[in-house]
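Because only heavy atoms are used, hydrogens play no part in the values below, and waters and symmetry mates are left out as well, while side chains stay in.
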Amino acid sequence: MTVKTTVTWNAMLAGYSRKPGKLTEAQKLFDQIPEKDTVSYNIMLAGYVQNSDMEAVWSFFNSMPSKDIASWNTMISGFAQKGAMAKARELFLAMPEKNSVTWSAMISGYVECGALELAEEFFEFAAVKSVVAWTAMISGYMKFGKIEKAERLFKEMPVKNLVTWNAMIAGYVENCRAEDGLKIFRIMLRYGIRPNHSSLSSVLLGCSELSALQLGKQVHQLVCKSSLRDDTTACTSLISMYCKCGVLDDAWKLFLETKSKDIVSWNAMISGYAQHGAGEKALHLFEEMRGEGIKPDWITFVAVLLACNHAGLVDIGVRYFDSMVKDYGVEPRPDHYTCMVDLLGRAGKLVEAVDLIKKMPFKPHSAIFGTLLGACRIHKNLELAEFAAQNLLNLDPQSAAGYVQLANVYAAANKWDHVARVRRSMKDNKVVKTPGYSWIEIKNTVHEFRSGDRVHPELASIHEKLNELEKKMKLAGYVPDLESALHDVGEEQKEQLLLWHSEKLAIAFGLIVVPYGTPIRVFKNLRVCGDCHRAIKYISAIERREIIVRDTVRFHHFMGGCCSCGDY
């Protein structure tokens with residue numbers, strides 16, 4: 001260019017200052033500008049904020065010959081992003097003039113560093129409240145579980161943008177209210193607002209939690225019709241959703257179609273196979289990933305160890321665990337140790353599991369002892385169960401699972417006085433057990449069942465179906481596993497309690513309403529009990545149906561009297 005104005009120089013400077021790692025080149029270019037204006041200084045200041053420490057930023061800010069409102073806002077935003085809110089506040093108070101960007105930066109900063117009360121205070125006094133400030137407050141309320149306050153602000157907001165809707169959707173999903181998140185997503189679409197990958201990721205996570213496969217498929221159609229069809233993040237979210245909804249074939253098809261796979265895509269598919277008990281496929285995919293030159297991360301190894309665990313591959317799991325640091329430089333985290341304790345414990349190697357806990361380089365967390373306690377229940381090891389429960393309750397006195405698992409061990413040993421003592425202790429410590437429930441999706445409607453349910457409108461038909469099944473199962477050789485009925489009552493009453501477990505009610509309803517040839521998909525918020533597992537195998541053979549049950553840990557595919565977990 002033969003003639004360059006300050007605007008020309010500023011355009012070049014903006015390119016360099018925005019690009020990470022180009023601060024030196026930006027500084028050289030800045031020094032060459034013949035007539036720097038305030039915009040030149042502001043662009044360079046923003047470059048320092050992005051690429052340098054705040055001391056260098058502060059030094060440059062003080063050297064500026066003139067400062068406008070954008071200069072002050074850049075500084076406040078920089079300190080807020082670094083969590084230095086005391087310094088940001090100091091600048092805020094010294095600032096000669098403030099605008100909506102200033103207030104938004106302060107409110108967002110306080111929300112990010114967890115000072116919600118101060119964010120509320122600034123929001124209340126803000127002379128001008130931008131959509132950014134409103135959205136930051138909604139995100140803050142959702143982050144701290146104050147859902148009603150977030151809802152109130154959302155209703156009061158004069159103008160909403162896509163980020164606001166995304167904050168509500170993500171907030172609901174993160175606060176275990178996925179159903180509300182999906183409802184608000186539908187409302188957003190009715191308003192004609194086009195979702196981005198952030199909206200779709202939250203919605204797909206909600207679909208995964210609710211196992212709302214039909215809506216998940218509709219979201220998939222939305223992705224295909226949008227510019228996100230080749231987006232790796234969107235494709236990975238869909239793969240994860242299909243895996244968590246129990247449709248592994250569709251997940252695999254989509255994985256093959258994904259043009260650009262990153263480590264998250266591979267992890268999603270390996271985890272999917274692991275959760276479905278397809279350990280060998282998961283490990284084969286892991287080896288294929290290595291062959292592609294993609295370096296595994298710590299999440300990959302959680303999936304790999306989970307695959308070994310769910311397929312009962314103890315020796316292979318130990319080998320992978322040992323190779324993490326040696327071959328890949330991945331330091332084991334608590335999640336890896338939990339997988340290993342589960343792997344060893346379920347294989348009956350309880351002493352080795354305890355030794356591994358003692359050798360851990362950090363203090364064991366409650367999940368480790370919860371896992372050990374579960375293994376002790378399976379193998380009826382009363383002594384180690386008491387050791388695991390004691391440690392678990394010392395770390396987490398409000399752990400309902402600790403009390404319940406220990407009570408289960410005592411109940412299996414017919415020590416009903418000990419069971420009563422554990423339950424009394426729960427009551428004294430005000431610990432509430434999470435009630436077990438199962439659900440099934442029929443034509444976009446989720447039907448929920450509790451054990452001994454008395455609410456569902458089709459209950460009479462469901463009980464009739466279960467009674468009919470019970471007769472057929474017993475003729476086929478089914479004997480109820482009375483150890484799974486953890487109450488000190490007569491055998492006949494125990495059988496009745498077992499027959500009305502939530503997963504059996506949901507499956508019976510599925511058999512009534514799901515067309516023959518379509519798999520019955522049931523989801524449970526706790527582990528599937530031993531008797532239900534045994535009964536569903538018989539039901540799958542008698543009714544000649546494929547039944548897929550997802551519990552908190554894995555998927556069970558029942559077909560022809562067998563389960564994909566191999567009863568491990």
Please assess Ser265 against Asp262 for the test side-chain hydrogen bond (donor to acceptor under 3.5 Å, both in side chains), listing each intermediate value before the final yes or no.
CA-CA 5 Å; Ser265 316; Asp262 60 10; 2.9 Å; yes

Evaluate Asp567 against Lys537 for salt bridge (charged side-chain N to carboxylate O under 4.0 Å, His left out), listing each step before the verdict.
CA-CA 10 Å; Asp567 299 337; Lys537 286 196 294 178; 2.8 Å; yes

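- Residue-environment remark: CD (Gln390) stays at or below the threshold of 12 foreign heavy atoms within 6.0 Å.
- Side-chain atoms of Gln81 and Val49, non-hydrogen and from C-beta on, do get closer than 4.5 Å to each other.
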With side-chain contact (heavy atoms from CB on, under 4.5 Å) as the criterion, how do Ile507 and Val549 come out once you've worked through the C-alpha distance, each side chain's angles and the decisive distance to 0.1 Å?
CA-CA 9 Å; Ile507 287 167; Val549 179; 4.3 Å; yes

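- With Phe255 as the aromatic partner, Lys261 meets the cation-pi criteria of under 6.0 angstrom to the ring centre and within 45 degrees of the ring axis.
- Ring-plane geometry between Phe555 and His557 is classed as tilted, the angle between the planes lying from 30 to 60 degrees on a 0 to 90 degree scale.
- Taking OG of Ser399 as the reference point, atom CG of Leu393 lies at 6.0 Å (rounded to 0.5 Å).
- For the pair Ser438 and Val522, the tightest heavy-atom approach, listed with the atom from each and the gap, is CB-CG1, 4.1 Å.
- Under the side-chain hydrogen bond (donor to acceptor under 3.5 Å, both in side chains) test applied with Tyr410, the options Glu386, Lys415, His418, Arg377 reduce to a single match, Glu386.
- Checking side-chain atoms of Asn525 against main-chain N and O of Gly436 turns up no donor-acceptor pair under 3.5 Å.
- In this structure, the separation between OH on Tyr337 and NZ on Lys359 is 10.0 Å, given to the nearest 0.5 Å.
- Minimum interatomic distance between Ala311 and Gly277 (heavy atoms only, all atoms of both residues): CB-O, 4.5 Å.
- Taking 4.5 Å as the limit, every side-chain heavy atom of Val203 sits out of range of all side-chain heavy atoms of Met241.
- Distance check: Leu215 CG to Glu441 CD gives 8.0 Å after rounding to the nearest 0.5 Å.
- Each of Leu305, Val304, Thr371 was scored for a side-chain contact (heavy atoms from CB on, under 4.5 Å) with Cys339, with one residue passing: Leu305.
- To the nearest 0.5 Å, atom CZ of residue Phe523 and atom CD1 of residue Ile548 are 8.0 Å apart.
- Counting only heavy atoms from C-beta outward, the side chains of His556 and His533 approach each other to under 4.5 Å.
- Ionic pairing of Lys149 and Glu151 is not present here: no N-O contact between side-chain nitrogen and carboxylate oxygen is shorter than 4.0 angstrom.
- At least one donor-acceptor pair under 3.5 Å links the side chain of Asn51 to the backbone N or O of Gly21.
- Atom-to-atom distance recorded for Ser237:OG and Leu205:CG is 8.5 Å, nearest 0.5 angstrom.
- Pro296 has its side chain within reach of Phe286: a pair of non-hydrogen atoms, C-beta onward, lies under 4.5 Å apart.
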With salt bridge (charged side-chain N to carboxylate O under 4.0 Å, His left out) as the test, would you mind laying out the steps for Arg450 and Glu448 before giving the verdict?
CA-CA 7 Å; Arg450 307 253 162 185; Glu448 196 177 286; 3.3 Å; yes

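- Comment: Arg346 engages Asp342 in a salt bridge, judged by a side-chain N to carboxylate O separation of less than 4.0 angstrom.
- Leu283 is listed as a side-chain neighbour of Tyr320, based on a closest heavy-atom distance under 4.5 Å.
- In this structure, the side chain of Asn429 engages the main chain of Ser425 through a donor-acceptor pair within 3.5 Å.
- Applying salt bridge (Lys or Arg N to Asp or Glu O under 4.0 Å) to Arg290 and the options Glu287, Glu288, Glu292 leaves one that passes, Glu287.
- Aromatic ring orientation, Trp252 versus Tyr273: tilted (interplanar angle from 30° to 60°).
- In this view, His447 and His456, Phe509 satisfy the ring pair (Phe, Tyr, Trp, His ring centres under 6.0 Å) rule, not counting sequence neighbours.
- A donor-acceptor pair under 3.5 Å is formed between the side chain of His336 and the backbone N or O of Arg333.
- Pairing each heavy atom of Met324 with each of Pro332, the nearest pair is CE-CA, 3.7 Å.
- In this structure the side chain of Arg521 never reaches within 4.5 angstrom of the side chain of Cys245, judged on heavy atoms.
- Nearest approach of Ile239 to Ala251, heavy atoms of both residues: O-CB, 3.7 Å.
- The aromatic rings of Phe122 and Tyr110 sit tilted, their planes meeting at an angle between 30° and 60°.
- Separation of atoms CG (Leu285) and CG (Asn267) is listed at 10.0 Å; rounding is to 0.5 Å.
- Note on Lys524 versus Asp551: no salt bridge recorded, every NZ/NE/NH1/NH2 to OD/OE distance being 4.0 Å or above.
- When atom types are taken as modelled, the side chain of Lys244 and the backbone of Leu204 share no donor-acceptor pair closer than 3.5 angstrom.
- Arg534 places a side-chain N or O within 3.5 Å of a backbone atom of Val479 that can act as its donor or acceptor partner.
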